[in-house]
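Everything on this sheet refers to the single structure shown next.
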Amino acid sequence: MKSLILGGARSGKSRHAEQLAAASGRDVVYLATAEAADAEMTARIAHHRAQRPAGWALVEEPLALARVLGQQAAAERCLLVDCLTLWLSNLLAVEPSRMQQELDALYETLPGLPGDVLLVSNEVGWGIVPDNALARRFRDEAGRLHQRLAGLCDHVTLVAAGLPLALK
Amino acid sequence: MKSLILGGARSGKSRHAEQLAAASGRDVVYLATAEAADAEMTARIAHHRAQRPAGWALVEEPLALARVLGQQAAAERCLLVDCLTLWLSNLLAVEPSRMQQELDALYETLPGLPGDVLLVSNEVGWGIVPDNALARRFRDEAGRLHQRLAGLCDHVTLVAAGLPLALK
Amino acid sequence: MKSLILGGARSGKSRHAEQLAAASGRDVVYLATAEAADAEMTARIAHHRAQRPAGWALVEEPLALARVLGQQAAAERCLLVDCLTLWLSNLLAVEPSRMQQELDALYETLPGLPGDVLLVSNEVGWGIVPDNALARRFRDEAGRLHQRLAGLCDHVTLVAAGLPLALK
């Protein structure tokens, strides 16, 4: 089963995904895309880590998501990717051709993966058009990514105030 | 039937409206409000145009939306307006009295139009309060427009990740 | 009955909460958290005030929300707090320890209040990550507040284009 879990900042989307992972009855592998580039990000990573069960395996991968998903996926496992927004942000910082390769690899790999895959991502396009061209590009790419993954996933959920709303 | 289709940037709202138009069985008139003011906007317009069926008529009107809707509407037609946010943005650049005239004209004209009318617009008020006074005014006007049109439309849909959520 | 009413800017969330208050059949006490710090805010407050029934009592309190809720709540009353976002914003401007005290006081007080309590708040985390550290902190605090209150309320509603969507 593949699920896409969307929501705004601090919407409770990660916690919702973690509850789904815990309830899956499978061995959970937490796939973190964050890189601790500064103090604020280090604190956010530590905050998320402190809330996860100790028994979960942790794999950190900022860029090659499809490859790591392919390596880690197994029938008895639940992979929890948190989050796609940071992965996309990491990809925007490398060369453009690499970004498209990684996106295409994800779209090709995802449908065939065994076990459960939970993908967490931020809604970022519900505000005023940003002044910044990179921010506009980022929200366009994030929107396209969500539409594409929504088509590939069995379930899509929007989380607000910690409460899930089923979109698919 | 009148429908309002709302969603964030790259949420798939235009594609959803286009699917509704194609499924209507009526002759589709695509009413574009965008003006190609710069290279980025020209690219966005070309991107949208490439995704539309060749048989659809195209009418471009940045300001006088109610007048053009009145001229184009017919029992056998489906008018697809994409998008109200750009129309509102165009109106904010002309004198204020003109803007209110155009808004009032839309509210008066819409209920009596024959055929189908699909109105696409961006949700822009779900982020942090913008620093910029014009941006704050824009999101206030957009919010009021959506509330008013939601009252006049038969259906209101919120689109996220390409998936429709019925609000009315 | 406790209700949390969420929505973007000009989504119609205040109007929706006011309709719930009017339909409650109870004596309505409107608890305003806004302070008229500048001309724009003064205009917004006047705009909201003009839309409320004359028979409603008005209490203004920018910071000590839990205390005022405790004083005002009664079995025959409906308290309408508009809005939590401004209250949080006011608290961010005082010392941090006061903010946490006020948040904790609200979480302790709310469940035991008699009568109806309607809490209105803005969704602010669905846009691009703000450049500004204070804005990031604000949207993190707002998101946490909404999650916590959603757990304590009987009903949670998301409003878009004036239309309510039940989350709980």
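Quick caveat: nothing in here was measured; it's all calculated off a predicted structure. In what follows, chains carry the letters A, B, and so on, assigned in the order in which the sequence lines appear, proteins first and then strands, with residues in each chain numbered from 1.
Using a 4.5 Å cut-off between heavy atoms, C/A9 makes no contact with chain A at all. Looking at C/L165, the atoms closer than 4.5 Å to chain A (heavy atoms on both sides) all sit in the side chain, from C-beta outward. For chain C, the nearby part of A/L158 is the side chain; its heavy atoms alone come within less than 4.5 Å.
Distance check, rounded to the nearest 0.5 Å: CG of C/L31 to SG of C/C83 gives 12.0 Å.
Of the residues considered (A/A161, A/A160, A/G162), A/A161 shows the highest number of contacts with chain C, using heavy-atom pairs under 4.5 Å. Ranked by heavy-atom pairs under 4.5 Å with chain A, the first of C/R144, C/R148, C/E123, C/Q147 is C/Q147.
Tested against A/V81, the residues A/I5, A/L65, A/L118 include a single side chain to side chain contact (heavy atoms under 4.5 Å, CB included) partner, A/L65.
Residues of residues 127-141 of chain C placed with any heavy atom under 4.5 Å of a heavy atom in chain A are listed by number as C/G127, C/I128, C/R136, C/R139, C/D140.
Judged purely by atom type and a 3.5 angstrom limit, A/S24 has no side-chain atom pairing as donor or acceptor with the backbone of A/C78. C/N122 contributes no side-chain N or O that, together with a main-chain N or O of C/T85, makes up a donor-acceptor pair within less than 3.5 Å.
Two residues are said to be in side-chain contact when any heavy atoms from C-beta on lie closer than 4.5 Å; A/R10 and C/H146 fail this criterion. Put simply, the side chain of A/L110 reaches to within 4.5 Å of the side chain of A/L119, judged on heavy atoms.
Side-chain atoms of A/H16 and A/T157 include no donor-acceptor pair closer than 3.5 Å. For the residue pair C/Q72 / C/R77, a side-chain donor-acceptor distance below 3.5 Å is found, with atom types taken as modelled.
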